[in-house]
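Data first, discussion second: the structure below is written as structure tokens.
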Amino acid sequence: MLDFFLLMDFEEMERKWQKRWFDGKIYEARREKGKKFFIHFAYPGISGYLHVGHMRGFTYADVIARYMRMNGYDVIFPAGFHATGLPAVSLAKKVARNDEKMLEYLRQNGCPEEIIPKLKDPEEVVRYFSRVYVEDYWKKFGFLIDYTRLMNTISLGYKKFIQWQFRQLMKKELLVQKPHYAPYCPNCGPVAVDKSETDISEGGDAEILEFTLIKFRFDGRILPAATLRPETIFGVTNMWVNDSIEYVIARVGDEEWIVSEKAAEKLRYQMEDVEVVGRIHGSEIVGKKCVAPIVNREVPIFPAEFADPDIATGIVMSVPAHAPYDYVALRDIGMPVEPIVIIDIKGYEIPAKEIVEKMGIENQRDERLEEATQIIYKDEFHKGVMNENCNGYAGMSVNEAKEEIKERMFSEGIAELMREFSRRVICRCGEEVVIKRVPNQWFIKYSDEDLTRKSIEWVNEMNIFPREYKDELPKILEWYGDRACIRQGSWLGTPFPFDENWIIEPISDSTLYPAYYIIAKYVNEGKIDVEEMDDDFFNYVFLGEGAARREIWERIKEEFEYWYPVDINLGGKEHKTVHFPVFIMNHVAIMPRRHYPRGIFAHWWVTQKAGMKISKSKGGAEPIPDAAKKYGVDALRLYYCHIGSPFVDVEWDDETVEQYKKRIARTWNLFQQLLSLNGKKAEIDEWLVSAFNEKLKVAREAMREFDMRKASNALFFEMHNIFNWYMKRGGGNEGVVKDILHKWVRAIAPFTPHMAEEMWENLGMKEFVTLQNYPEEEEIDYGVLKAESVLTKTMDDIEEIRKVTGIKASNIYIYIAPPWKWKILEMALQLEEEEGILNMKNLMEKVKEMDVNMKEASQYAAKLIQEMRKEKFMVIDERKYMENAKEFMERELGAKVHICGDDCPDPANKRRHAFPHRPAIYME
RNA sequence: GCGAGGGUAGCCAAGCCAGGUCCAAGGCGGCAGACUCAAGAUCUGCUGGCGUAGGCCAUCGCCGGUUCGAAUCCGGCCCCUCGCACCA
């Protein structure tokens, strides 16, 4: 075991300091300094236990909050819980039906047996996990979150707030109604189709495709051919109907359509007025003819097995020149018609034919047809041009023609739109999910031009990390369309104020919420009655409209004015295209300009290999409190800060985290070692002071952009080397070291606060280091830093020579550059600084005035000018510095060292090579 | 498709925006040594090639360009990853 773990029980240390911080309530946001900083993270959804990956972002927020607190800001760092929507409900449902996996999961994560039955109730789920997040995660990690402001999105006060927000949106005409097409289970109602498959048992990755149903005329009825490529109507040669199934005749408006039975079902959900009036077998249709619109061509109807009754209408038009399926199916029945080519594209004559032959596809059951279709579709869409067979569209690119033809067909009534999943989606109840038309769906009008423009302009004023995201955001805001903001079903959330049967969906109820943290404190403390929080209240507090009905309103408003706007909203990269844009837009839409958010910080994830989720086999899957126990909180905090840029995904790896645990131990040991020094003043002290301040400067500059990686690297890793070198050089000045430790401990406090507090106490300090001012760097003597680096470089060179030659030297001569070389350097530096130009001409003009060997001097000057382009030169007393370090060098090199001007022997004629910052060396 | 990010030595990973101090930080792994009965941990040194004087050569996905000078800037190409809306 490491000394550290024998001497220090870090778990005990964490508990000790956390208790003191929390007892001292130092986390509470107070208005004292006149300068404020508002940071929060995108609150987590209540979806169960979190894993070590989630702690990355939370840790960043705490480090930044602590850093800003030490830099003279009143910091408000609130947090809450996103309880709205499905996750909590879904968890409760699983518990209710005694889902084995769920029970197992709860037990493994340490859920007490007596709690489990209670979790059948979604509200209990919210209550329980809120507590877990606070007690087992945030407090365990020492986060100085303002715990007096905790809130969740299903509390009464919050709901009032959201209703106010929606009335504001309505007032500003940003709520609009229009038809919407959404996933729907005939048994369970609206469901969410997403990859986590909360509501569904299959098909979470399904996309909604938009098929164009082109109406072919057939015996006074309609054969609606479903296609994703309406532009290929010009190349239609025949129809495909499955002759082994029965179709239905459906009355649609005043038309009669022939579609598969299933299609009729689906269409009923998407269109008004659809009714099955008869049946017709596929074999009764096959062999007849129908008429294609647009081209007004009569085409035969052939049988095809791939005409799947489960996909769209079950009726397919055939474009054999451009659709591999069609080509192969025709070939299977002996090519009764010839393909018509309608798209010109480089590298192909008849695209479908060629790819099918190239891939050696044998018949219409070949699975590779899907791949062939993809290839042709992509190529044609991007590179294809409509040819002379396309009346009126010739010369147009395929992607343009597609849109125009589609629009024309819809407007002329010869086509309809049908939405269909790209794959089967099955509800938890076992029923197949369909797409249902919601005729009067409410949307938030994010497409609003004025709102979009103002939001984009505002982004320009914001501090956004990473920088790349700042450039990306305007494009996202531009792209962001209207969002369906309410839905029906059994989920948690706020009733829509204009129709209380609907619930506001989870993205839309989490946009202005940082503002509510200000109010949450007063609600939590019972200082305001939720009932009195009506529109007048919110208008007064947030918008400054109207008057306060009670004195407490004034206090709340005052506080809101002090803390708002948000300085940093921190969240994972998953928020880049959804949450952050609406966070900005809702503030712009509703709040006065001075309350628009000032900054966003988007961090990337902790993953397993290749972006996989954290898994048991690869580590990181243990409950967070177990990980905290295993590695120590400060080690984990340092790990998150230092493992990589915040803007790349990092792979969790037990062994790597273990290294950070060791790093904490080493840092602690080093501190103890430094603390025990009781030496006297020495030459190297000056170097230590400058080297320390230089790294401190690096850290402070990095933190200006919240670059925690760079800062922690300087403070923990580079600083470690500096202290080690100082001691190796014989340094041990108690006064200087103590002074520096006072600064260093403060500097590392935001990152590893528990260890820092312990160190601070060891230094004999009484107050919390957490509440101290962050140290500022003092003057840095670059000459000393340079001199020391010349020394180490010289020693490296000696080592190198020794290695190459194999000489075991007993005498080492170090020749410092002679005074005239330093004089010329001084002149060169002066020219550079005063005239901004340094070249042979102006330098030699000055050199001429000197009494030196002109040939030697000009050679030297030429080389000097060259070298000065690469390295920073300065005039320093190298000889004196080396003399002072002579004993050290002798000890290290195990040989007698002679520091020479022109006063020692020079048998190998090395002295002439001596250069500033690069003494000549001779060994014997 | 739309949008974004990335390819650096045996592996992980900094550096790139602000070109020179990059023969590329740090870590892991490997080798050697110290300590130890031993193992582990810890500490020290080495870890692209060549080299009997601090040097030379090679390397930052590939090709080209700009520059006195390119991992870094510009252009083209190849490959990988991620997000894309009712999911938080």
Side-chain angles (χ1 to χ4, degrees), chain A residues 1-3 5 42-47 82 84-87 180 182-183 190-199 204 207-208 377-378 381-382 399 441 443 446 466-469 471-472 475-476 479-487 505-508 510 571-579 581-582 604-605 607 610-611 642-645 647-651 653 655-656 658-660 662-663 665-666 669 709-710 713 716-718 720-721 724 728 789 793-794 796-807 866-873 908 910 913 917-923:
Chain A
M1 277 304 252
L2 291 150
D3 289 347
F5 300 113
Y43 48 22
I46 301 280
S47 56
H82 197 190
T84 327
L86 295 165
H180 181 57
V191 291
V193 174
D194 72 282
K195 287 181 187 120
S196 64
E197 304 196 330
T198 307
D199 281 356
E207 290 175 75
I208 295 180
Y377 180 88
K378 265 193 171 165
F381 186 81
H382 296 291
N399 63 47
Q441 171 72 47
F443 289 77
Y446 290 119
R467 214 188 340 255
E468 291 79 7
Y469 183 45
D471 301 330
E472 197 183 342
K475 291 180 237 171
I476 295 169
W479 157 86
Y480 213 101
D482 297 344
R483 184 182 183 89
C485 58
I486 58 174
R487 36 187 218 193
E505 63 85 33
I507 295 298
S508 303
S510 296
K573 64 175 178 179
E574 71 277 20
H575 296 301
K576 288 203 303 176
T577 51
V578 184
H579 169 250
V582 297
W604 267 233
W605 298 338
T607 62
H642 187 261
I643 185 64
S645 153
F647 316 122
V648 295
D649 288 337
V650 298
E651 285 170 10
D653 174 28
E655 283 182 31
T656 306
E658 193 69 43
Q659 291 304 320
Y660 282 89
K662 289 182 189 165
R663 172 60 59 173
R666 279 201 245 178
N669 287 341
R709 183 182 198 286
K710 201 170 181 180
N713 195 249
F716 288 85
F717 292 77
E718 293 173 2
H720 196 102
N721 292 339
N724 271 338
K728 190 170 180 181
S789 88
K793 180 75 172 65
T794 303
D796 287 348
D797 284 346
I798 290 167
E799 224 18 83
E800 173 92 4
I801 295 165
R802 187 183 266 172
K803 196 176 112 194
V804 174
T805 63
I807 294 171
Q866 211 183 346
E867 293 293 318
M868 280 175 71
R869 274 214 289 249
K870 296 188 205 159
E871 193 187 334
K872 176 112 181 98
F873 277 72
K910 295 284 181 193
H913 296 302
H917 307 337
R918 192 140 196 278
I921 298 162
Y922 173 68
M923 314 168 44

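These numbers come from a predicted model, not from an experiment. Residue numbers begin at 1 in each chain, while the letters A, B, ... track the order of the sequences. Only heavy atoms go into these numbers, but all of them, side chains included; no hydrogens, no water, no symmetry mates.
Across the P atoms, B:C82 and B:G75 are found 27 Å apart, a figure rounded to whole Å. Look at the C1' atom in both B:A70 and B:G64: the space between them is 14 Å, to the nearest Å. Comparing the P positions of B:A13 and B:G1 gives an interatomic distance of 27 Å, to the nearest angstrom. Spacing of C1' atoms, B:U59 relative to B:A9, comes out at 7 Å, to the nearest Å. Distance noted for atom C1' between B:C57 and B:U42: 38 Å (whole Å). As rounded to the nearest Å, B:U8 and B:C63 have P atoms that lie 16 Å from one another. Here the separation of B:U52 from B:G10, taken at their C1' atoms, is 31 Å to the nearest Å. Across the P atoms, B:U72 and B:U47 are found 26 Å apart, a figure rounded to whole Å.
Here A:Ser789 pairs with nothing under the side chain to side chain donor-acceptor pair (under 3.5 Å) rule; sequence neighbours left out. Remark: A:Glu799 engages A:Arg802 in a salt bridge (Lys or Arg N to Asp or Glu O under 4.0 Å) (not counting sequence neighbours). For A:Lys710, the salt bridge (Lys or Arg N to Asp or Glu O under 4.0 Å) criterion is met by no residue, not counting sequence neighbours. By the side chain to side chain contact (heavy atoms under 4.5 Å, CB included) test, A:Glu472 is found to be paired with A:Tyr469, A:Ile476, A:Lys576, residues two or more places apart in sequence or in another chain being considered. A:Tyr660 is linked by a side chain to side chain donor-acceptor pair (under 3.5 Å) to A:His642, counting only residues two or more places apart in sequence or in another chain. With sequence neighbours left out, the salt bridge (Lys or Arg N to Asp or Glu O under 4.0 Å) criterion links A:Glu718 to A:Lys695. A:His575 pairs by the ring-ring contact (aromatic ring centres under 6.0 Å, His included) definition with A:His579, A:Phe580, not counting sequence neighbours. Listed by chain and number, the residues in a salt bridge (Lys or Arg N to Asp or Glu O under 4.0 Å) with A:Arg709 amount to none (sequence neighbours excluded). Residues meeting the side chain to side chain donor-acceptor pair (under 3.5 Å) test with A:Glu574, sequence neighbours left out: A:Trp605.
Taking atom NZ of residue A:Lys576 and atom C1' of nucleotide B:A85, one finds them 15 Å apart after rounding to whole Å. Residue A:Lys870 contributes atom NZ, which lies 15 Å from atom P of B:A24 at whole-angstrom precision.
Note on A:Arg869: a base of the nucleic acid sits closer than 4.0 angstrom, heavy atoms only. Within the 4.0 angstrom heavy-atom criterion, no nucleotide atom of any strand lies near A:His642. Among the heavy atoms of the strands, none lies under 4.0 Å from A:Pro466. Within 4.0 Å of A:Tyr469, counting heavy atoms only, lies no atom of the nucleic acid at all. Here A:Ala908 lies out of heavy-atom contact (under 4.0 Å) with every strand.
Taking the six-membered ring where the residue is Trp, A:His82 and A:Tyr43 present parallel rings, their angle staying beneath 30° rather than reaching 60°.
A:Gln441 contributes a side-chain N or O that, together with a main-chain N or O of A:Ile486, makes up a donor-acceptor pair within less than 3.5 Å.
Within the 4.0 Å cut-off from OP1 or OP2 of B:G27, not a single side-chain nitrogen or oxygen of A:Gln659 is found.
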Check the interface with nucleotides 9-16 of chain B: list each N/O to N/O pair with the protein under 3.5 Å, or write none.
unit_1 : atom_1 : unit_2   : atom_2 : d
B:A14  : OP1    : A:Ser645 : N      : 3.1

Could you list, one pair per line, each protein nitrogen or oxygen that sits under 3.5 Å from a nitrogen or oxygen of nucleotides 44-51 of chain B, together with the distance?
unit_1 : atom_1 : unit_2   : atom_2 : d
B:G51  : N1     : A:Glu800 : OE2    : 3.4

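Per the stacking criterion (ring centres < 5.5 Å, plane angle < 30°), A:Trp479 stacks onto the base of B:A85.
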Let's test your reading of the pairing rules: Watson-Crick or G-U wobble, both distances under 3.5 Å, then write RNA chain B as a dot-bracket string with ( ), [ ], | and dots.
((((((((.[[[..)....(.....]]]((((((.......))))))(((....)))...[[[[[..)....]]]]])))))))....
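A 4.5 Å side-chain heavy-atom check between A:Pro466 and A:Trp604 finds at least one atom pair inside the cut-off.
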